Amino acid sequence: MRCVRTWLAFVLLGVCLPCWCQPSTKRKVIIDEDAAGPAGTAQQAILLLIQSLQTEVLGITVVTGDAWLKEEVAHTLRTLEIIGRTDIPVVPGAEYPLVRRQVETELWEKQYGSVPWVGAWTPSGYHPADQLGEMPEGKPTTKPLDEDAAHFLVRMVRKYPHEITIYEGAPMTNLALAISLDPEFAALAKELVFMGASLNPKTDDPEFVNAPRHEFNLWFDPEAAHIVLTSPWKRIVCTTVDISLKTRLTQELIDHVRAGNSPVAQYVGRYARLRGQYNYLWDELAAVAWLDPSLITAREARYLDADLSRGANYGSTLSWTEQDKPQIIGPPVEVQVDLDTAKFYKMFVDLLTAPAPRP
């Protein structure tokens, strides 16, 4: 069902729309992503947020994480060209974490054990930072904004104080740099919504069996995560590994999206891939749950941070309840615990197959 057609039909019938589909006052959002591509969890989350009639995407800031910054920027620009949304600025950010370095991480792995996924540093797909790698969708002809992500983020929250949701699907380097530039950045945002952290996931996935508190976005730049999670946000919502593992990208879902006629549907249908046994909808869940919080059926409050000890647990998730939190800690985090999976999958397909909203 197409969202716009649904809207017209509901209006004619005098029926109220689901909140995620309403073309009412738009919700301002900046998307911060490690936007590997084509398709994949980051690009699909970007598309879900763009496709919603209730959002105004002010920009997409990019940071090295799952892939190198330069190639992520190129994939994002090309995605926007394919779907006809080059009006949305793409803003390059940090190319490296604040402290962690590849060589040091390799030495750390020799002492404490290998990490299955190290993003842009993963040996099987490694290439230098200044190279694009494969671009099956073609190279972009458009250019990114001539501004760095941290300054863009600060400029936007100053322009629209208390109105902007920061959607974070990546290591938090760009946000940490924005906070360092402007200590009022977090307080000036409306809220932070992020995919990250791992508490006690129930899984046989080797990435988490021996290291249940390991989660890539916090682990890749722990110092940035610490800065962000201890800053004075008015509200923080977190999609953890625990709840993300309850989702799967399946061939059936891809086929449902591919059946759509929109440029977005055709892009996802062509480039989405199942990669091995585990195909979680990490960033997509964080995006859709922000659009319609009612699909989250259980939540709990935790205080979160990243382990900076530089030992075996460097980068792992730290968490506390209200009763056992330390004296120096950030605001409470709304942690998503369970979801209506069928509703999530339906929204995933409906949004990606809907006609593109007008800029």
Side-chain angles (χ1 to χ4, degrees), residues 32-34 41 45 63 65 97-100 115 117 119 153 165-180 183 185-187 189-203 207-208 211-246 280 282-283 285-287 289-290 293 296 298-339:
D32 190 62
E33 272 287 9
D34 50 348
T41 188
V63 62
L98 297 181
V99 175
R100 187 187 285 281
V115 176
W117 179 248
L153 286 159
T165 294
I166 305 297
Y167 168 87
E168 177 62 83
M172 297 180 172
T173 320
N174 286 342
L175 303 191
L177 291 171
I179 291 165
S180 298
F185 170 76
K190 180 179 180 180
E191 60 187 347
L192 169 66
V193 173
F194 79 98
M195 189 280 131
S198 183
L199 302 179
N200 187 28
K202 308 300 183 184
T203 180
E207 185 171 356
F208 307 107
R213 289 283 175 140
H214 170 93
E215 185 277 320
F216 175 77
N217 286 343
L218 268 60
W219 174 88
F220 193 71
D221 195 340
E223 286 75 17
H226 169 73
I227 291 170
V228 172
L229 292 172
T230 56
S231 292
W233 303 89
K234 291 182 173 61
R235 181 170 184 253
I236 307 179
V237 180
C238 174
T239 301
T240 63
V241 165
D242 309 49
I243 191 172
S244 299
L245 298 188
K246 299 179 181 184
Y280 311 118
W282 309 99
D283 297 0
L285 176 58
W290 176 67
I296 301 300
R299 302 170 176 82
E300 61 183 29
R302 293 287 187 98
Y303 293 83
L304 300 180
D305 204 345
D307 191 322
L308 303 183
S309 64
R310 308 286 289 186
N313 295 317
Y314 178 43
S316 293
T317 304
L318 300 174
S319 69
W320 302 269
T321 64
E322 180 68 37
Q323 290 70 36
D324 58 16
K325 68 179 181 181
Q327 289 187 348
I328 302 175
I329 194 63
V333 177
E334 180 185 305
V335 174
Q336 299 163 346
V337 175
D338 208 352
L339 76 153

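Quick caveat, the model's predicted, so the values are computed rather than measured.
- Between Phe216 and Trp219, the ring planes are tilted. Angles from 30° to 60° get that label.
- Taking all atoms of both residues into account, the shortest heavy-atom contact from Leu308 to Glu223 is CD2-N, 3.7 Å.
- Across Asp242 and Pro201, no two heavy atoms sit closer than the pair OD2-N, 3.3 Å.
- If you take CZ on Arg299 and SG on Cys238, they are separated by 13.0 Å, rounding to the nearest 0.5 Å.
- Checking side-chain atoms of Glu334 against main-chain N and O of Val237 turns up no donor-acceptor pair under 3.5 Å.
- Distance check, rounded to the nearest 0.5 Å: NZ of Lys234 to NZ of Lys190 gives 11.5 Å.
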Output, in order, the C-alpha distance, side-chain angles, deciding distance and verdict of side-chain contact (heavy atoms from CB on, under 4.5 Å) for Val99 and Arg310. CA-CA 11 Å; Val99 175; Arg310 308 286 289 186; 3.4 Å; yes
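- Of the listed residues (Val335, Leu339, Leu199), just one forms a side-chain contact (heavy atoms from CB on, under 4.5 Å) with Ile243, and that residue is Leu339.
- The shortest non-hydrogen separation linking Ala45 to Ala287 is O-CB, 4.1 Å.
- Closest of all the heavy-atom pairs between Thr239 and Ser244 is CG2-OG, 3.6 Å.
- Thr41 places a side-chain N or O within 3.5 Å of a backbone atom of Asp283 that can act as its donor or acceptor partner.
- Counting only distance, with no hydrogens or angles, the side chain of Asp305 and the backbone of Leu318 share no donor-acceptor pair below 3.5 Å.
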Where do Phe220 and Val63 land on the side-chain contact (heavy atoms from CB on, under 4.5 Å) test, with the steps shown first? CA-CA 11 Å; Phe220 193 71; Val63 62; over 6 Å; no
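- Counting heavy atoms from C-beta outward, Pro332 and Glu322 have side chains that stay 4.5 Å or more apart.
- Between the side chain of Asp34 and the backbone N or O of Pro171 there is no donor-acceptor pair closer than 3.5 Å.
- Here Leu245 contributes atom CG and Thr240 contributes atom OG1; the two are 8.0 Å apart, rounded to the nearest 0.5 Å.
- Closest of all the heavy-atom pairs between Glu33 and Gly169 is OE1-O, 3.1 Å.
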Derivation of the side-chain contact (heavy atoms from CB on, under 4.5 Å) call for Leu98 and Leu177: CA-CA 9 Å; Leu98 297 181; Leu177 291 171; 3.9 Å; yes
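- Across all their heavy atoms, Met195 and Val241 have their closest contact at CE-N, 4.0 Å.
- Using a 3.5 Å distance cut-off with no hydrogens or angles, the side chains of Asn174 and Asp32 do pair a donor with an acceptor.
- A distance-only check finds a donor-acceptor pair linking the side chain of Trp233 to the backbone of Val228 [under 3.5 Å].
- Put simply, the side chain of Asp221 never gets that close to the backbone of Met172: no donor and acceptor are under 3.5 Å apart.
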Run Phe194 and Ile236 through side-chain contact (heavy atoms from CB on, under 4.5 Å) and show every step you take. CA-CA 8 Å; Phe194 79 98; Ile236 307 179; 3.6 Å; yes
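- Between the side chain of Ser319 and the backbone N or O of Leu304 there is no donor-acceptor pair closer than 3.5 Å.
- Note that CG of Leu192 and OH of Tyr167 are 11.0 Å apart. Values are rounded to the nearest 0.5 Å.
- A donor-acceptor pair under 3.5 Å is absent between the side-chain atoms of Lys202 and the main chain of Lys246, judged by distance alone.
- Residues Glu168 and Leu175 are in side-chain contact: their nearest non-hydrogen atoms beyond the backbone lie under 4.5 Å apart.
- Here the CD1 atom belonging to Ile329 is positioned 7.5 Å from the OG1 atom belonging to Thr230, to the nearest 0.5 angstrom.
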